[in-house]
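What follows is a single structure, written as C-alpha cells, with notes after it.
Whatever order the structure lists ligands and atoms in, that order sets their numbers, starting from 1. The analysis underlying the following values was restricted to heavy atoms, covering all of them including side chains, and did not include hydrogens, waters or symmetry mates.
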Amino acid sequence: MAQDRTYPPAPAPLPAPVTDNHSHIEPQQHFPAAPLTLDQQVAAAAAVGVSRIVQCGCDLEAARWTAKVAVKAPAVVGAIAIHPNDAARLAKTGGYAAALAELAELAAGEPRIRAIGETGLDYFRTGPAGRPAQLAAFGDHIALAKELDLALQIHDRDAHADVIAALDRDGAPERTVFHCFSGDREMAALAASRGWYCSFGGVVTFKSAGELRAAVSELPPELVLVETDAPYLTPEPFRGRPNAPYLIPQTMRVLAEQMGFELERACRQVQENTTRVYGDW
Ligand SMILES: [Zn+2]
C-alpha cells in the first residue's frame, strides 16, 4: 500500500497550552502531499492548545527562513544549526567554515533565535569517516550556544556515549535539550543528574517504546519537554502520516500518564519548562 501523505485529523484539544519545542515547518519539506502554510500550521496548533512553536532550521536555507519567520509570526521562535549529517557533508566539500560563520551571524543578530540546534552526533546516517567532522561541528555549536547564551538542542542518533562525553568535556550550555530523547532509564537518570532537559516526540506513543516511556517516569517533571520533530515521527494512531505541531496532544497525553500527572497539570509543567529554556514569547 502506498504511504498516506495526507495530514491526520485534529485530536481533541489540550486543557492548557503547551509548546512544540522542536519542529520543522519550513516550506521545502517534501513529505506531506500538500504542506500546510506557516499560517495554517500556527492556526491548527493554536486550535488544539499548542500555543507556541520552536521552528528548527538545520541547514543554511532553512536557518535563513527560520530567522525571518521568527520575526514575522508571534507564535514562533527559532533554533538554527548545521545538522551533524550536513556538517560531515560540508566538511568534505570545504563549505563548512563559511556556513558556520553565516549561522553565527544569524543567531547573534536576531533575538527571536532562542537556540542552537539541532547539533550533535548521528552515527546512523554518517559512517566512521564523517565522525571527526561531526565531533568538531558539535564542539563549535556548543561554544556558539554558550557565547550567545542560547539553549542547545541536541540530535543524538546511536551516539549516546560520545554525545555525553563531548558535553562533559566542553561543558554543556546552561539550557541543554536532548531533542527526540531516545535513551533508556539509565540515560534519563544521567541527564537528570546534569540538569539536561529531555524532549519527547511521537515515538513515545509507539507500542514498542516501553523503555522510552519508562525514561519519562525517571525524570524530574521540571526537565520534560514535548515536540513533534514534524514532518516525521507522527504519534499513534497516525504513525506513518505527515506530522505537524497540531498533533502534539496525543503525545502530551502519554507524557502526562508517565509523569504521573493529570493532563492539565502536565501541560502547565511542560509549558513552564519550555519558557525556562527558551525565554518567553
Ligand atoms: Zn529535528
Query raised in the report: Yes or no on side-chain contact (heavy atoms from CB on, under 4.5 Å) for F138 and I154, after CA distance, side-chain angles and deciding distance?
Result: CA-CA 9 Å; F138 189 23; I154 299 206; 3.9 Å; yes
Query raised in the report: Hey, is there an N, O or S on H155 sitting under 2.8 Å from the Zn ion (ligand 1)?
Result: no
**Report entry** Residue R125 excluded, over 12 heavy atoms near CZ under 6.0 Å
**Finding:** no
Requested in this report: Starting from the Zn ion (ligand 1), look over the N/O/S atoms of D229 and name the nearest one.
Outcome: OD1
Query raised in the report: Per the side-chain hydrogen bond (donor to acceptor under 3.5 Å, both in side chains) rule, which among Q134, R157, H155 passes with D122?
Result: H155
Query raised in the report: At the Zn ion (ligand 1), what's the angle from E118 OE2 to H22 NE2, rounded to 10 degrees?
Result: 90°
Query raised in the report: Are more than 12 heavy atoms from other residues, nucleotides or ligands located less than 6.0 Å from atom CD of E222?
Result: yes
